[in-house]
Amino acid sequence: MNEINIIKYLPIFLQKYIQYQLLMKTEDIEFQNIFKCLDKIEQNQYILSSDDEGLKRFEKILEIYSQPEETIENRKMKVLSKWNEQEMYTFRFLKSKLDVICGRNNYEIIEDFENYYLEIHTHLSEIGEVKELERAIYSIIPCNIVVNIKNDIICSSKGESVVSGAMSMINIFDCSTEE
């Protein structure tokens, strides 16, 4: 941001008075604050450059409820994911959605469309990512395809550990019609 110096816009004979110099210094500070606020407003117009306040606005618009522990990047991913939802339910669209949620090449898809089966392997570890993945997948995939999602958390640590563990939850739904 450029240095603001309003006193140079006054006539030269007024610039020498201490009262005008002090007044203009105060005005300089106020204009700097205004330009900072304008920059923040501009940055919060876009999801990728939003701060916490801007993301809260996007989340309110999209009716997304984030957890207090979630990172800014994870929240941006959720907002982008919902913002870019489309009504095109194609396999290519599913892959692009997985690229956004899981990261490029951070998942594997095993499809068997002849038997109406789809298996997705991911490596998500952030809070809320698996829920977002489930929400997105179940809104894209037709209900006549069985979807099996497996999330493998890759953990590595340095040093000694006495106890470690991971927990996951699996929901299995079987749908059938009997006459």
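Model, not experiment: these values are computed from the prediction. Atom set for the values below is all heavy atoms of this structure, side chains included, hydrogens, waters and symmetry mates excluded.
- The side-chain heavy atoms of I4 and I29, taken from C-beta on, include no pair separated by under 4.5 Å.
- Using modelled atom types, no side-chain atom of E30 and backbone atom of T26 make a donor-acceptor pair closer than 3.5 Å.
- Counting non-hydrogen atoms of other residues, nucleotides and ligands closer than 6.0 Å to CD of Q45 gives a total above 12.
- In this structure the side chain of R75 reaches within 4.5 angstrom of the side chain of D52, judged on heavy atoms.
- Atom-to-atom distance recorded for K60:NZ and L55:CG is 15.0 Å, nearest 0.5 angstrom.
- No chain of hydrophobic side-chain contacts below 4.5 Å, direct or via other Ile, Leu, Val, Met, Phe, Trp or Tyr residues, connects I18 to I7.
- The local environment of OH in Y9 is sparse, with at most 12 non-hydrogen atoms from other residues, nucleotides or ligands closer than 6.0 Å.
- Within the 4.5 Å cutoff, the side chain of I110 has no heavy atoms near those of the L118 side chain.
- Under the 4.5 Å side-chain heavy-atom criterion for Ile, Leu, Val, Met, Phe, Trp and Tyr, V79 and V130 are members of distinct hydrophobic clusters.
- No donor-acceptor pair under 3.5 Å is formed between the side chain of Q67 and the backbone N or O of I127.
- Between the CD1 atom of I34 and the CG atom of D39 there is a distance of 14.0 Å, given to the nearest 0.5 Å.
- A donor-acceptor distance shorter than 3.5 angstrom exists from the side chain of D28 to the backbone of I6, with no hydrogens or angles considered.
- Counting non-hydrogen atoms of neighbouring residues, nucleotides and ligands closer than 6.0 angstrom, the CD1 atom of I12 reaches no more than 12 such neighbours.
- Side-chain contact of K97 with S81: a donor-acceptor pair under 3.5 Å is present, judged by distance alone.
- Within 6.0 Å of NZ on K76 lie more than 12 heavy atoms contributed by other residues, nucleotides or ligands.
- At a threshold of 4.5 Å between side-chain heavy atoms, the hydrophobic network of Ile, Leu, Val, Met, Phe, Trp and Tyr places W83 and I137 in two separate groups.
- The environment of CZ in F91 is crowded: more than 12 heavy-atom neighbours from other residues, nucleotides or ligands sit within 6.0 Å.
- Across all non-hydrogen atoms, the minimal contact from F13 to K16 is O-CG, 3.4 Å.
- Note on V100 and L62: separate hydrophobic clusters, where clusters join Ile, Leu, Val, Met, Phe, Trp and Tyr whose side-chain heavy atoms are under 4.5 Å apart, directly or indirectly.
- A donor-acceptor distance shorter than 3.5 angstrom exists from the side chain of Y107 to the backbone of K95, with no hydrogens or angles considered.
- In this model, a donor atom of one side chain and an acceptor atom of the other lie less than 3.5 Å apart for Y117 and E119.
- In this structure, I153 and H123 have side chains that are not in contact, with every pair of non-hydrogen atoms separated by 4.5 Å or more.
- The two atoms that bring C102 and L133 nearest to each other are SG-CD1, 4.1 Å, heavy atoms only.
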K56 vs E53, salt bridge (charged side-chain N to carboxylate O under 4.0 Å, His left out): CA-CA, chis, key distance, verdict: CA-CA 5 Å; K56 283 180 183 176; E53 185 179 333; over 6 Å; no
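- No more than 12 heavy-atom neighbours from other residues, nucleotides or ligands sit within 6.0 angstrom of CG on N105.
- No donor-acceptor distance shorter than 3.5 angstrom exists from the side chain of N106 to the backbone of D99, with no hydrogens or angles considered.
- In this structure, the side chains of T122 and I101 stay at 4.5 Å or more apart for every pair of heavy atoms.
- Side chain of R57 to backbone of N44: a donor-acceptor contact under 3.5 angstrom is found.
- In this structure, the side chains of N148 and I120 stay at 4.5 Å or more apart for every pair of heavy atoms.
- Rounded to the nearest 0.5 Å, atoms NZ (K36) and CD1 (I41) are 14.5 Å apart.
- M77 CE to T71 OG1: the interatomic distance, rounded to the nearest 0.5 Å, is 8.0 Å.
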task: Evaluate side chain to side chain contact (heavy atoms under 4.5 Å, CB included) for Y20 paired with L10, printing each intermediate quantity in order.
output: CA-CA 9 Å; Y20 284 110; L10 288 179; 4.1 Å; yes
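- Residue K78 forms a salt bridge (Lys or Arg N to Asp or Glu O under 4.0 Å) with just one option from E126, E70, E132, and that option is E70.
- Atom CD of E134 sits about 5.5 Å away from atom CD1 of I149, to the nearest 0.5 Å.
- With contacts defined as side-chain heavy-atom distances shorter than 4.5 Å, the pair I64/F58 does not qualify.
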message: Evaluate L48 against L80 for side chain to side chain contact (heavy atoms under 4.5 Å, CB included), listing each step before the verdict.
response: CA-CA 8 Å; L48 291 176; L80 273 173; 3.4 Å; yes
message: Could you walk me through whether M24 and Q15 satisfy the side chain to side chain contact (heavy atoms under 4.5 Å, CB included) test, starting with their C-alpha distance in whole Å, then the side-chain angles of each, then the deciding distance to 0.1 Å, before giving a yes or no?
response: CA-CA 9 Å; M24 293 302 116; Q15 291 180 13; over 6 Å; no
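- To the nearest 0.5 Å, atom OH of residue Y65 and atom CD of residue E63 are 5.0 Å apart.
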